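One structure is given below, encoded as structure tokens.
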Amino acid sequence: RVRSPFTLRSSSSTTNDGDAQEPWTTNDGNEKQPWMETATPGKFDVFQAKIFPVIEYLTAKPEHANHAFTKRWLSLKRTPNTPMTVDITWRNLKILLGIKTMFEYRDFLTQCPEFSSAVKLKNSRTTKSG
């Protein structure tokens, strides 16, 4: 069975009437919301543009300065030729991290301190490629 890519749900969302709402809950029980993004290699640039600032924010917190993920993240950003950036390509990211799939990138990102409180990722029900 082919594993599906995942959906990014940011921690700041609003309902149609403008009220703040937890990103993974809905009033009508519907799981798909307009602010969700499906992350696939073909949409990597959109995903990276959204996830990079979140990781930057979390790793910049003083209490995470000595966390293993923060140290690795900072090291990746200093890599010559193809550093970790907001606009890194999927191809270059795979080489940089030594990964092959978006799922491996997800696993890497979830090592970031406080990641689960800022972002919700779940497997997508709408696409089977990834």
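Just the heavy atoms: all of them, side chains too, but no hydrogens, waters or symmetry mates, feed the values below. This structure is a prediction, so every number in the text was calculated from the model and none was measured.
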Could you walk me through whether S116 and T110 pass side-chain contact (heavy atoms from CB on, under 4.5 Å), step by step?
CA-CA 7 Å; S116 62; T110 59; over 6 Å; no
Determine, stepwise, if the pair I51 / V119 fulfils side-chain contact (heavy atoms from CB on, under 4.5 Å).
CA-CA 9 Å; I51 202 70; V119 177; 3.9 Å; yes
Report the C-alpha separation of L96 and T79 in whole Å, then their side-chain angles, then the decisive distance to 0.1 Å, and conclude whether the side-chain contact (heavy atoms from CB on, under 4.5 Å) test is met.
CA-CA 8 Å; L96 181 65; T79 302; 3.7 Å; yes
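The CD atom of Q48 lies 9.0 Å from the CD1 atom of I55; values are rounded to the nearest 0.5 Å. Here the CZ-NZ distance, from F44 to K94, works out to 10.5 Å after rounding to the nearest 0.5 Å. Taking CG from L93 and CZ from F47, the interatomic distance works out to 9.5 Å, rounded to the nearest 0.5 Å. In this structure, the separation between CZ on F108 and CG on L97 is 5.0 Å, given to the nearest 0.5 Å.
A 4.5 Å side-chain heavy-atom check between I88 and F52 finds every atom pair outside the cut-off. Residues Y105 and K100 have side chains not in contact (no heavy-atom distance under 4.5 Å, counting atoms from C-beta outward). Counting heavy atoms from C-beta on, the side chains of D45 and D87 never come closer than 4.5 Å. Within the 4.5 Å cutoff, no side-chain heavy atoms of P83 are placed close to those of R78. Residues P113 and L58 form no side-chain contact, since every pair of their non-hydrogen atoms from C-beta on lies 4.5 Å or further apart.
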Which pairs of donor and acceptor atoms, one on a side chain in residues 69-76, lie under 3.5 Å apart (sequence neighbours left out)?
unit_1 : atom_1 : unit_2 : atom_2 : d
T70    : OG1    : H64    : O      : 2.9
W73    : NE1    : E56    : OE2    : 2.7

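When the salt bridge (charged side-chain N to carboxylate O under 4.0 Å, His left out) test is applied to E114, the partners found at least two apart in sequence or on another chain are K61.
Residue I95 is not grouped with residue I99 when hydrophobic side chains (ILVMFWY) are merged at heavy-atom distances under 4.5 angstrom, including chains of intermediate members.
Minimum interatomic distance between V54 and A118 (heavy atoms only, all atoms of both residues): CG1-CB, 4.0 Å.
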